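Notes to accompany the following structure.
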Amino acid sequence: MRVIGLMSGTSYDAVDAAAAELGLDGDTLTLRPLGHVAAPYDTRLRAALTAALPPAHTTLAEVCRLDTRIGRDFAAVAVRANRALCGGRAELVASHGQTVYHWADRGTVHGTLQIGQPAWIAEATGLPVVSDFRPRDVAAGGQGAPLVSLVDLLWLRGRPGTPVALNLGGIANLTAPDGTAFDTGPACALIDAAVRDHTGGRLPYDVDGALAARGTVHGPLLARLLEEPYYALPVPRTTGKELFHGGYLRTALSAFPGLPAQDVVATLTRLTARTVADAVRSVRATEVIASGGGTRNPALMRMLGEELPGLPLRTSDALGLPAAAKEAYAFAVLGFLTVHGLPGTDPACTGARHASLLGSVTPGRDGLPQVPRAGRAPVRLVVE
Ligand SMILES: Nc1ncnc2c1ncn2[C@@H]1O[C@H](COP(=O)(O)OP(=O)(O)O)[C@@H](O)[C@H]1O
Ligand SMILES: [Mg+2]
């Protein structure tokens, strides 16, 4: 089955689309990557999102407008991916949507909201769409995240040692083979916020880690940031930009006026490397397989290497899944599982009471996906 996975993460930089040919062969799920495309959000939509996301206040009218605009953007990317990657023969779209709120309170998640109305995707592509993946896991007592953890488990099963999948997006999350999965804290979120503040929004992130490379880590600021209670919460724990946003950073910086921007960025990059490394050590990893836009920041990858001396650190490209599109591929897999009547979570990863069949299905031009219900859940994922 040819499936298009659509994703935009907490960085809300771009809609990533990945297409895959997926199949079930006994207890093995096979994935043949067909390629990926990305479409940056236009600056006006980005600005509208920034203005609506916590800690800002918004209105239901604005939420409705954003739901439509993002739904249309996702639809356009899906049409493009179908044409460019599937020869127009995609059969299903799996859309994560855009997280606008993750309602976490002292380690418990009560709700999570992803927008990007799937009706627009179904209308534009004619294909059935699986969306709204996270809430079912929340309703089952889980964190609703990290949702790619089941895919990571299936994918890394059988690799020797303790391989850990690490995604460096706005937030960093990891999955260990025993099912331990959690958000370690910020990956790029605070770095991006600092760079945007410093450049008045001209630069959205520390391009190629250039600022961090020129700066010096400021010990007292780093110590202050490491006092954040989130890092000491028991796992599984999840977070988002409700916590790690620009205002959070400005509050921390107010105690250290006049720090040069490159030192702030170097310190935030070190903060990510340190908190990720602490998390990686806590699960006794013997290997790290990284993905997400943060892998394109050489300063971050260098610091991560320094924090984890001797530990092999590679990107998911080495195992066949492009780092930039790994999460989009993972959602393609989750959509495929849903239409086959198979659970998309491992309760050990999300903390739920049980595994859940995820998502909501929007019918396509020809109705609901016509797929035979699979007999049993796969135990491994082979990337061809
Ligand atoms: N060339 C680059 N140099 C430095 N950082 C980069 C580069 N490309 C991407 N990034 C970082 O990756 C982030 C986006 O990563 P992504 O995986 O899309 O995260 P999310 O899932 O949160 O959207 C950007 O906000 C930026 O911080
Ligand atoms: Mg992104």
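These figures come from a predicted structure and were not determined experimentally. Only heavy atoms go into these numbers, but all of them, side chains included; no hydrogens, no water, no symmetry mates. Counting convention: from 1, in listed order, for ligands and their atoms alike.
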- prompt: Going by an N to O cut-off under 4.0 Å, is there a salt bridge joining Arg237 and Asp183?
  reply: no

- prompt: Looking at Arg365 and Glu123, does any basic side-chain N land under 4.0 Å from a carboxylate oxygen?
  reply: no

Would you mind running through ligand 1 and noting each atom that sits below 4.0 Å from a heavy atom of [X]?
X: Asn297; answer: 4 (C), 5 (N)
X: Thr10; answer: 20 (P), 22 (O)
X: Gly169; answer: 17 (O), 19 (O), 20 (P), 22 (O)
X: Cys188; answer: 11 (C), 12 (O), 27 (O)
X: Asp208; answer: 1 (N), 2 (C), 3 (N), 4 (C)
X: Gly292; answer: 17 (O)
X: Val207; answer: 3 (N)
X: Gly294; answer: 12 (O)

field: Arg2: side-chain hydrogen bond (donor to acceptor under 3.5 Å, both in side chains) partners, not counting sequence neighbours
entry: Glu21

- prompt: Quick check, are the ring centers of Tyr12 and Tyr41 under 6.0 angstrom apart?
  reply: no

- prompt: Looking at the rings of His96 and Phe133, which for Trp means the six-membered one, are their centres under 6.0 Å apart?
  reply: no

- prompt: Is the closest side-chain donor-acceptor distance between Thr112 and His102 under 3.5 Å?
  reply: yes

field: Short side-chain donor-acceptor distance under 3.5 Å, Asn82 and Thr125
entry: no

message: If we check salt bridge (Lys or Arg N to Asp or Glu O under 4.0 Å) with Asp152, which of these qualifies: Arg157, Arg159, Lys326?
response: Lys326

- prompt: Looking at Phe256, is Arg224 sitting on its ring face, NZ or CZ under 6.0 Å from the six-membered ring centre and within 45 degrees of the normal?
  reply: no

Minimum-distance protein heavy atom relative to [atom]:
atom: atom 5 (N) of ligand 1; value: Tyr205 CD1, 3.5 Å
atom: atom 21 (O) of ligand 1; value: Gly9 CA, 3.3 Å
atom: atom 23 (O) of ligand 1; value: Asp13 OD1, 3.0 Å
atom: atom 8 (N) of ligand 1; value: Arg296 NE, 3.4 Å
atom: atom 4 (C) of ligand 1; value: Asp206 O, 3.1 Å

message: Hydrophobic clustering (ILVMFWY, side-chain heavy atoms < 4.5 Å, transitive) - are Leu233 and Leu271 grouped together?
response: yes

Would a distance-only check, ignoring hydrogens and angles, find a side-chain to backbone donor-acceptor pair under 3.5 Å from [X] to [Y]?
X: Thr99; Y: Gln114; answer: no
X: Thr315; Y: Ser291; answer: no
X: His340; Y: Leu342; answer: no

field: Contacts of the Mg ion (ligand 2) with protein N/O/S atoms, counting only those under 2.8 Å
entry: Asp13 OD1

Kindly confirm or rule out an N or O of [X] lying under 3.5 angstrom from an N or O of ligand 1.
X: Gly170; answer: yes
X: Asp192; answer: yes
X: Gly293; answer: yes

task: Might you confirm whether atom CZ of Arg281 has over 12 heavy atoms from other residues, nucleotides or ligands at distances under 6.0 Å?
output: yes

message: Test of understanding: given a 4.0 Å heavy-atom threshold, classify the contact between Ile191 and ligand 1 as side chain, backbone, both, or neither.
response: neither

